[in-house]
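Just so you know, these numbers use all the heavy atoms, side chains as well, and skip hydrogens, waters and symmetry mates.
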Amino acid sequence: MSNLALAHLLEIFGAGLIYDLAAAAWFLIPLALLAAIIPDTRVGRRVHAVAASLGCLALLAAILFTAVAEFLFWNEFSSRFNFIAVDYLVYTREVLGNIEESYHVNLILSCIAIATVLIAWPLRRRFWSTASAAAGNWKQRTGMFLAILLLPAASYFLVNDTFKTHQASASASQLAGNGDYELFRAFRDNKLDYRRFYKVLPEAQAKQIMRTAFTKGAASAHFLPDARNPLARSIIAAGPERRLNVVLVSMESMGADYLASFGGQEGLTPNLDRLAREGMMFTQTYATGLRTVRGLEALTLSMPPTPGHAVVMRKNNKGFQTLGQVFREHGYDSLYLYGGYSYFDNMKDFFGGNGYAVIDRMDMPDDQISHETIWGVADEDLFRKTLQVLDARTADGRKVFAHVMTTSNHRPYTYPEGRIDIPSGSGRAGAVKYADWAIGQFVEQAARHAWFKDTIFVFVADHTSHGRGRTDLPPEAFHIPLIIWSPANIHPQRIDTLASQIDVGPTLLSLLHFSYTSQFFGQDILAQGRNNPRALMANYQTVGLLESGMVVELSPRRQVRVLDAINGKPRMQDPQAGRLVDEAIGYYQVASGILRNGGLLGTDN
C-alpha cells in the first residue's frame, strides 16, 4: 500500500501538522519570554526587534540543520529521531567523527547557511516591523507570556502516538512525525516500565508460559524448585565435556541479504559462503534488534530485547549470568575484543563487570594498525590482535572463549586499499566484501596455529543494515547469518529451524556438552529449538515474537497486533493468535520483571 496515494498523503500530512504544531509550541517560549522582559520603550522595542530577529534567524538555521540531520538519520535507521539519537549525543567523539568521515560537512553547513539567508532576507522588513511593534504594558506582556506557556503544556499532555499509530504502514507512521518533537520525546521516554505501558498477564500465568516453553522437547532441563528466578534450571549434558576453544565473531551489520549462501547478493562474501558450506549453517536465525548493543545483549545474556535501553547501556548491568561467566565456571578465560574504544555504548563497564577481560583499541599499538576509522581499527588489525591474544592465552594449556566485535562494515565504509576489487569508501557493498575478506584471512592464518584444531569458530551478525518497512518488525529486516565452523570438530550440515540470536549461547554450550545451571531465555536450536521454533525482536519501543508464520507486535499503550510474517496483513482472527500473544507477553513480562528486580541472579520477580 503506497504512502503516495492521495488518501494516505492526507493522513500523513494531517498527523504531521499536529506534531509540527506541538514542536512549534516549545519554540515560542524564548520569543515570548523576550517580549515579556524587555520594557515597552522606544529603545526597548528596538532591542526586542534586534534580539527577536537574531533569534528567529538562529531558529530558522536550527530547523534547517535538524531537517538535514534527520534525513541522514533516516537514511541510516529508517526512522525519525528516537532514543538512538539521544544515545549518540552522549558519544560525541564517535558520532561527530563518523559524520566528518562520512559526509561533506563543510559543504552541508555552507548550504544550510545560504538557505537560511535566502529564506530570511525577503522577510526581513516585515519581520522587523512586526518585532518592533510588540508592545503593551508589563501586565499585558506577562499575560501573553503565561498564555503562550499553556501551548507546550497542552502539547505535553494531549499529543501522543495516537495520531501516528493509525497510519497505513510503519513507514507512514514515521513520516507523520516531527523530528524535534520525536527527539524531545526520546529524552523523556527512553526508559519504559513494561508493566505500565504494555499488555500484561497475571504473574503466575506469565511464569508458567515461560516454563512450558522451556519444557518442549527439553528432557535435559530440570527446573530448580526453590529458585527465586522462575527460569532457573539445571542443564544436564548429553555426554562428556568437549574442551574446545571458542571464538565468537559478532559481524557488524552483516545481514543475511549480503550472503549468497543465505539467499542474498552474489559475489560479496565468498569466504563466509565457503564457511557456511563447510560448517553448521543456520538459515533461519533472526537478530533481536537493529543496534550493536542489542546484538551484544542477546549473545551475552541470552535474553529478550526489553523496551528501552539494552542492558549493556543500563546503569545496573552487573551480576548477570552471561555466556562468558558460564565459560569461566568451566575453567576458560573469557575475553571481549573490540577494535574501537570500549567506553562507547558502555561496553567496557558491562563486559568488565560481567566476567570478561576487555581488550580494545587501547591495547593495540599504532604501528600494528593498517587503517582506522572513528569506530575502530580495520577488521584485519582486530583479527591480528585476536591471534596474538589466543597464542598468549593458550600457551600454557588454558582454554579460551573470545567474543570479537568487528567495526569495518560501518559508515564511512573505508578500509585498507588493495584488499578487494572495490575502492575504499565506495559504499556498503565494499565494506561487506572487505569484512568478508578479513574473515577469510583470519581463518587462513588461524589454521597455522597450534590451538586451531581444538577451536570452534562462530560467525554471527550483530544486526542487519535495515530498519522499519511495511511493519515495525518486518522479519526480513532482522534475518542474519549464523555459522558454526570447525573442520576438525563440526561436520557440514544445514539447519533450517527458526531461531533467535538469544539461542546462540545455549546452542554453543550444548555442542560442548556443558552441564550448568541456566537462567538464559535462549534454547538449544538443535534440540529444544526443533520443538519450539520462534524468534524475538524489537525496534525502538515495539517488541515482538515471530512464530508460526506470524509476527506479534507489542507496543506502548498496551497495543497488540498479530500480522502475517510475509505480507504484514492482520492475522488477529487466526486460531493460533491468542496463544502467540500470550507467549510473547510471557517472554517480555518475565524478562522485564527480572531486570526490574536487579538482575538475573537470585531475583524475586
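Side chain of Trp375 to main chain of Arg411: a donor-acceptor pair is present (N/O by atom type, distance under 3.5 Å, no hydrogens or angles). Remark: side-chain polar atoms of Ser426 are not paired, donor with acceptor, to backbone N or O of Ile422 under 3.5 angstrom. Counting only distance, with no hydrogens or angles, the side chain of Asp381 and the backbone of Ser370 share a donor-acceptor pair below 3.5 Å. Remark: the backbone N or O of Gln589 is not paired with any side-chain donor or acceptor of Ser592 at under 3.5 angstrom. For the pair Glu297 (side chain) and Val311 (backbone), a donor-acceptor distance under 3.5 Å is present. Listed for the Tyr413 side chain is no donor-acceptor partner under 3.5 Å among the backbone atoms of Val432. Between the side chain of Arg557 and the main chain of Tyr198, no donor-acceptor pair closer than 3.5 Å is present. A donor-acceptor pair is defined here as one N or O able to donate and one able to accept, closer than 3.5 Å; such a pair exists between the side chain of Asp379 and the backbone of Thr407.
In this model, no donor atom of one side chain and acceptor atom of the other lie less than 3.5 Å apart for His479 and Thr464. Under the 3.5 Å distance criterion, with hydrogens and angles disregarded, a donor-acceptor pair is assigned to the side chains of Gln284 and Tyr286. Between the side chains of Arg419 and Tyr434, no donor-acceptor pair of N or O atoms lies under 3.5 Å. Checked by atom type, the side-chain pair Arg314/Asn346 shows no donor-acceptor distance below 3.5 Å. Between the side chains of Thr542 and Asp472, at least one donor N or O sits under 3.5 Å from an acceptor N or O. Using a 3.5 Å distance cut-off with no hydrogens or angles, the side chains of Ser250 and His403 do pair a donor with an acceptor.
Using a cut-off of 4.0 Å between Lys/Arg side-chain N and Asp/Glu carboxylate O, Asp564 and Lys569 are scored as not salt-bridged. A salt bridge between Arg361 and Asp366 is present, with a side-chain N of the basic residue lying under 4.0 Å from a carboxylate O of the acidic one. Residues Arg291 and Asp462 are not paired through a salt bridge, judged by the lack of any N-O separation under 4.0 Å between the basic side chain and the carboxylate.
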(Q) Is there a side-chain contact (heavy atoms from CB on, under 4.5 Å) between Lys433 and Thr269? Walk through the geometry before answering. (A) CA-CA 6 Å; Lys433 193 165 188 177; Thr269 58; over 6 Å; no
Q: Output, in order, the C-alpha distance, side-chain angles, deciding distance and verdict of side-chain hydrogen bond (donor to acceptor under 3.5 Å, both in side chains) for Thr285 and Gln501.
A: CA-CA 7 Å; Thr285 305; Gln501 214 171 21; over 6 Å; no
Q: Dump the intermediate steps for side-chain contact (heavy atoms from CB on, under 4.5 Å) on Ser253 and His463, then the final yes or no.
A: CA-CA 5 Å; Ser253 303; His463 56 84; 3.1 Å; yes
Q: Please lay out, stage by stage, how Met572 and Val560 fare under the test side-chain contact (heavy atoms from CB on, under 4.5 Å).
A: CA-CA 9 Å; Met572 202 67 185; Val560 176; 4.2 Å; yes
Q | Chi angles and distances behind the side-chain contact (heavy atoms from CB on, under 4.5 Å) call for Val312, Arg294 | A | CA-CA 8 Å; Val312 179; Arg294 279 300 186 196; over 6 Å; no
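For the residue pair Leu536 and Ser500, the shortest heavy atom distance occurs at N-OG, 3.7 Å. For the residue pair Phe262 and Ala256, the shortest heavy atom distance occurs at CB-O, 3.8 Å. Residue Thr406 comes nearest to Leu382 through the heavy atom pair CA-CD2, 3.9 Å, listed as atom of the first residue, atom of the second, then distance. Here the closest non-hydrogen pair linking Met364 and Gly339 is CE-CA, 4.1 Å. The heavy-atom pair separating Val551 from Leu546 by the smallest distance is CG2-CD1, 3.7 Å. Taking every heavy atom of both residues into account, Ile420 and Gly430 meet most closely at CD1-O, 3.3 Å.
We find the CD-OG1 distance between Glu553 and Thr471 to be 5.0 Å, quoted to the nearest 0.5 Å. How far CE of Met362 is from OH of Tyr341: 6.5 Å, rounded to the nearest 0.5 Å. With values rounded to the nearest 0.5 angstrom, Gln559 atom CD is found 12.0 Å from Lys199 atom NZ. Asp349 contributes atom CG, which lies 14.5 Å from atom OH of Tyr343 (distance to the nearest 0.5 angstrom). We find the CE-OG1 distance between Met347 and Thr300 to be 11.0 Å, quoted to the nearest 0.5 Å. In this structure, NE2 on His371 lies 3.0 Å from OG1 on Thr414, to the nearest 0.5 angstrom.
More than 12 non-hydrogen atoms from other residues, nucleotides or ligands lie less than 6.0 angstrom from CG of Leu21.
In this structure, Leu545 and Met550 have side chains that are not in contact, with every pair of non-hydrogen atoms separated by 4.5 Å or more. Taking the side chain as every heavy atom from C-beta outward, Met405 and Leu296 approach each other to under 4.5 Å.
Side-chain rings of Phe351 and Tyr336 approach one another, their centers coming within less than 6.0 Å. Aromatic ring centres of Tyr415 and Trp437 lie farther apart than the 6.0 Å criterion allows.
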